[in-house]
Amino acid sequence: MNPASDHAFMAQALRLAERGIYTCHPNPRVGCVVVKEGKVVGEGWHARTGEPHAEIHALKQAGDQAKGAIAYVTLEPCSHHGRTPPCAEALIQAGVKKVVAAMQDPNPKVAGQGLEILQQAGIEVDSGLMAAQAEALNPGFVMRMRKGRPLVRCKLAMSLDGRTAMSSGESKWITGDAARQDVHRLRARSSAIVTGIGTVLSDDPSLTVRVNGEEAEGGWIQPLRVVLDSNLSMPATAKMLQLPGRTLVVTACKEKDIQQRLSDAGAEILLSPAADGSIDLSVLMQYLAETEEVNEVLLETGATLSGAMLSANLVDEIIVYMAPHLMGNNARGLFNLQGLESMGDRIDLEIKDIRPIGKDWKIIATCKSK
């Protein structure tokens, strides 16, 4: 093999991995290409949790040609028994001569052990090829494994003068159809959507993935709906409680009868009080990562909760859909941020991407400290 071929085959594996972007969480998105004498003889990707991993699909397609072949995989083959058997053992049994992994698995249960098992079996191992691209494909999984919390994206829609709703609270619709469909793709790749009780009371949202106005079916997974409701003001008639999928209501309220009312309506209740009687946001993010195995969170809420998350340094990416109209200085802004008194207090952002979405503009930014 030569470096150009290695890059081409790994790029193909990365494209395959992208096919699982809406369907395989909480597992990472992984692709695999098996190459024999310069030709692809097998390929696969991880489509859904509990189903065979990318390597297994690729080896099955390759059959006997896997013996003496090279396997290009976007993430280190797993070495432990989870929902499926270890992929490292499958590669050994198939008789591949070399495994090229884009990156080491950040999961402490693997963390180099898969590559070590392969080496001990006499298989040549190489890692690091297109590692940055592989990590970019799984930002939430990497965050959860390394920092114990999900990646959080804050999604906002605003006018050209930075307003998210009229003073009355009216906000439908700031952006056009193309931008709203793009939001549904963001929802589909997320393990959970987080909102606040204010949004529920004012908009009664569904917080589901919809395609052309219809509930998504087939491979796309409906994300966990998470509502932050300190005093348990959520009505039992809320639309999202009537829909398929799970709704987790996070509260600081210990009143059992109120909790029971929402439980009877279909909500799951999580008690997570902070010292001041509000909800502990950091503890919540840790819970979503550890207990719910949430990789990516989409924050869809108003200025208060989005400001609190940003102030707590829990927002990794801000996605703003900017519409070409003006709403006036009495309309509502993007974030409620306290303590920004001077230019030195500003929260610096780095623009990562800006592009047109229908008649609107999509801006992706990260905090520079991230």
Side-chain angles (χ1 to χ4, degrees), residues 17 20-21 24-30 46 49-50 53 74-83 101-115 131-132 134-155 186-187 189-196 221 223-228 246 248-252 268-276 278-301 305-319 347 366-370:
I21 198 167
C24 74
H25 52 88
N27 284 2
R29 300 137 185 164
V30 182
H46 185 41
T49 299
H53 290 184
T74 59
L75 186 69
E76 174 187 2
C78 60
S79 57
H80 64 291
H81 285 269
R83 296 182 178 93
M103 65 176 288
Q104 189 178 100
D105 194 333
N107 186 345
K109 293 180 179 180
V110 184
Q113 296 179 53
L115 298 177
E135 185 163 331
L137 192 60
N138 288 293
F141 179 78
V142 171
M143 178 76 75
R144 178 163 68 92
M145 292 300 154
R146 291 179 180 169
K147 296 187 177 181
R149 71 167 180 84
L151 179 100
V152 178
R153 294 185 178 93
C154 181
K155 185 277 296 180
L186 279 177
R187 287 181 177 182
R189 69 171 292 161
S190 303
S191 303
I193 302 173
V194 173
T195 194
I221 301 171
L224 171 68
R225 300 180 288 267
V226 182
V227 179
L228 277 61
R246 297 171 57 205
L248 178 67
V249 179
V250 187
T251 187
E268 301 175 34
I269 307 298
L270 175 65
L271 191 63
S272 182
D276 62 357
S278 63
I279 292 168
D280 193 315
L281 297 176
S282 294
V283 170
L284 172 59
M285 291 301 111
Q286 183 179 3
Y287 171 86
L288 291 178
E290 294 181 356
T291 304
E292 298 291 348
E293 296 184 298
V294 168
N295 291 330
E296 299 178 18
V297 162
L298 185 62
L299 183 62
E300 293 195 50
T301 189
L305 179 54
S306 58
M309 288 284 288
L310 189 60
S311 297
N313 202 30
L314 292 173
V315 174
D316 302 288
E317 192 172 275
I318 298 172
I319 300 178
I347 298 174
T366 58
C367 295
K368 287 188 176 181
S369 60
K370 296 295 179 184

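Basis for what follows: all heavy atoms, side chains included, without hydrogens, waters or symmetry-related copies.
To the nearest 0.5 Å, the span separating CG on N138 from CG on N27 amounts to 10.0 Å. The distance from the CG atom of L298 to the OG1 atom of T195 is 10.0 Å, given to the nearest 0.5 Å. Considering CG of L115 and CD of Q104, their distance stands at 6.5 Å, rounded to 0.5 Å. Rounding to the nearest 0.5 angstrom, the gap separating the CD1 atom in I21 from the CG atom in L137 is 6.0 Å. Atom CD of E293 is separated from atom CG of L224 by 12.0 Å, given to the nearest 0.5 angstrom. Between the CD1 atom in I319 and the CG atom in L186 there is a gap of 4.5 Å [rounded to 0.5 Å].
Across all non-hydrogen atoms, the minimal contact from R29 to P139 is NH1-CD, 4.4 Å. Taking all atoms of both residues into account, the shortest heavy-atom contact from T74 to A134 is O-CB, 3.5 Å. In this structure, A274 and I279 approach most closely via the heavy-atom pair CB-C, 4.1 Å. In terms of heavy-atom proximity, L299 sits nearest to S306 at CD2-CA, 4.0 Å. When all heavy atoms of P26 and F141 are compared, the pair lying nearest together is O-CD1, 3.9 Å. Among all heavy-atom pairs drawn from S79 and K109, the shortest one is OG-O, 3.8 Å.
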- Task: Could you go through the side-chain contact (heavy atoms from CB on, under 4.5 Å) check for L310 and C367 one step at a time?
- Result: CA-CA 9 Å; L310 189 60; C367 295; 3.9 Å; yes

- Item | From CA spacing to verdict: side-chain contact (heavy atoms from CB on, under 4.5 Å), D316, R149 | CA-CA 11 Å; D316 302 288; R149 71 167 180 84; 2.9 Å; yes

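Just one of L228, L314, L284 meets the side chain to side chain contact (heavy atoms under 4.5 Å, CB included) condition when paired with M309; it is L314. No option in R189, R144, H25 other than R144 meets the side-chain hydrogen bond (donor to acceptor under 3.5 Å, both in side chains) test with N295. Just one residue in the list L281, D280, V283, V226 forms a side chain to side chain contact (heavy atoms under 4.5 Å, CB included) with V250, and that residue is V226.
Every residue was checked against the side-chain hydrogen bond (donor to acceptor under 3.5 Å, both in side chains) condition with E76, not counting sequence neighbours, and none meets it. In terms of the side-chain hydrogen bond (donor to acceptor under 3.5 Å, both in side chains) criterion, residue partners of R246 (sequence neighbours excluded) are, by chain and number, E268, E292.
Counting heavy atoms from C-beta on, the side chains of L75 and P106 come closer than 4.5 Å. Counting only heavy atoms from C-beta outward, the side chains of P108 and M145 approach each other to under 4.5 Å. The shortest distance between side-chain heavy atoms of E317 and L151 does not fall below 4.5 Å. Side-chain contact check for L271 versus T251: some heavy-atom pair is nearer than 4.5 Å.
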